[in-house]
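Input: a single structure, listed below in structure tokens.
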Amino acid sequence: MMKTDYIFTTKMEVRDYECDIQGIVNNARYLHYCEHTRHRFMRQEGLSFAEMHARGIDSVVARMYLEYKVPLRCDDVIVSRMGLVKQGLRYIFVHDLYRESDNRLCFHCEATLVCLVDGRLARCDEYDRAFGKYLTNQ
């Protein structure tokens with residue numbers, strides 16, 4: 001499990017339709033929570049997926065490492081904390097989802113993203129500038 005300082009935090013609430021018959025959040029939903037966190041962070045840093053895509057720049061998930069710790073349930077408030085590490089061309093977003101009521105770590109994710117410029121793997125100057133103050137090179 002990769003450790004990093006948190007650089008962004010947001011909160012969300014588990015909605016009833018996100019739960020399965022057992023009353024716990026469906027495993028795929030955790031990825032939605034992480035993606036929502038990344039998108040909010042990127043918006044905060046002035047990055048627009050639509051605008052970048054129009055210029056031929058796309059970030060794509062290359063790999064994900066997931067650990068399910070404690071199940072989330074309907075009406076739980078999620079505190080999503082995110083860190084960021086850069087390794088070569090890869091941006092590794094480290095996501096930890098905590099249940100607000102008891103601050104228990106419920107889910108850990110390391111999402112590796114790369115950038116495609118005009119369909120080819122490439123360095124992304126926009127991301128480097130936007131994330132520069134946060135990046136930890138390893």
Side-chain angles (χ1 to χ4, degrees):
M1 189 157 88
M2 182 180 287
K3 298 287 185 185
T4 184
D5 293 334
Y6 297 125
I7 60 171
F8 184 76
T9 301
T10 191
K11 290 184 181 182
M12 296 166 261
E13 185 175 310
V14 174
R15 294 158 294 222
D16 59 344
Y17 65 84
E18 297 172 326
C19 298
D20 59 23
I21 198 160
Q22 298 167 316
I24 60 176
V25 171
N26 177 276
N27 63 318
R29 293 292 181 169
Y30 291 83
L31 302 180
H32 291 249
Y33 300 146
C34 293
E35 184 172 36
H36 180 68
T37 301
R38 279 195 311 277
H39 286 205
R40 291 187 65 144
F41 168 71
M42 294 171 99
R43 192 173 333 128
Q44 170 190 286
E45 297 304 314
L47 296 172
S48 164
F49 282 112
E51 184 270 322
M52 291 180 75
H53 176 73
R55 292 187 294 115
I57 302 168
D58 295 296
S59 65
V60 296
V61 173
R63 180 179 304 128
M64 294 188 113
Y65 171 79
L66 314 173
E67 288 185 37
Y68 297 88
K69 302 286 194 178
V70 175
L72 289 163
R73 299 182 181 282
C74 186
D75 298 329
D76 280 342
V77 174
I78 305 161
V79 179
S80 179
R81 297 181 178 123
M82 191 194 80
L84 178 62
V85 175
K86 185 170 184 203
Q87 294 178 340
L89 296 177
R90 299 182 305 251
Y91 299 90
I92 303 170
F93 290 84
V94 178
H95 296 278
D96 289 326
L97 303 181
Y98 292 84
R99 186 172 47 216
E100 186 179 54
S101 63
D102 59 4
N103 202 36
R104 294 274 310 267
L105 177 61
C106 297
F107 180 75
H108 173 81
C109 172
E110 296 167 20
T112 301
L113 279 73
V114 295
C115 289
L116 302 178
V117 178
D118 296 324
R120 303 183 102 167
L121 181 65
R123 191 169 152 243
C124 182
D125 293 331
E126 283 90 343
Y127 280 20
D128 287 344
R129 277 193 299 277
F131 303 155
K133 62 187 168 213
Y134 305 111
L135 287 176
T136 302
N137 291 299
Q138 294 187 350

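Just so you know, these numbers use all the heavy atoms, side chains as well, and skip hydrogens, waters and symmetry mates.
Residues M1 and K3 are in side-chain contact: their nearest non-hydrogen atoms beyond the backbone lie under 4.5 Å apart. Counting heavy atoms from C-beta outward, R123 and D125 have side chains that approach closer than 4.5 Å. With contacts defined as side-chain heavy-atom distances shorter than 4.5 Å, the pair I78/K11 does not qualify. You'll find the side chain of V70 reaches within 4.5 Å of the side chain of R99, heavy atoms only. Residues L116 and V60 form a side-chain contact, since some pair of their non-hydrogen atoms from C-beta on lies under 4.5 Å apart. Contact annotation: the side chain of Y30 approaches that of L97 to within less than 4.5 Å [non-hydrogen atoms, C-beta and beyond]. At least one side-chain heavy atom of E126 sits under 4.5 Å from a side-chain heavy atom of I57.
By the 4.0 Å N-to-carboxylate-O rule, D75 lies too far from R15 to be salt-bridged with it. For the pair R43 and E45, the salt-bridge criterion is not met [side-chain N within less than 4.0 Å of a carboxylate O]. At a threshold of 4.0 Å, the pair E110-R63 does not count as salt-bridged, since none of the basic side-chain nitrogens sits closer than that to a carboxylate oxygen.
Of all the heavy atoms in Y98 and N103, the pair that sits closest is CD2-O, 3.5 Å. When all heavy atoms are compared, the tightest approach of C106 to L72 is SG-CD2, 3.7 Å. Closest non-hydrogen pair, M42 versus F131, comes out as CE-CZ, 3.9 Å. For the pair S59 and L113, the tightest heavy-atom approach, listed with the atom from each and the gap, is OG-CD2, 4.0 Å. M52 approaches L47 most closely through the heavy-atom pair SD-CD2, 3.9 Å. Contact detail for R73 and C19: the closest heavy-atom pair is C-SG, 4.2 Å.
Surrounding NE2 of H36 are more than 12 heavy atoms belonging to other residues, nucleotides or ligands, all under 6.0 Å away.
Looking at H95, H32, R81 one by one, the single match for side chain to side chain contact (heavy atoms under 4.5 Å, CB included) with T37 turns out to be H95. With F41 as the partner, the ring-ring contact (aromatic ring centres under 6.0 Å, His included) test is satisfied by one option alone out of Y127, F8, Y91: F8.
A perpendicular orientation is assigned to the rings of H108 and Y65, their planes being inclined by more than 60° (bins at 30° and 60°).
Side chains of Y134 and D5: no donor on one and acceptor on the other come within 3.5 Å.
Residues F49 and H39 place their aromatic rings such that the two centres sit under 6.0 Å apart.
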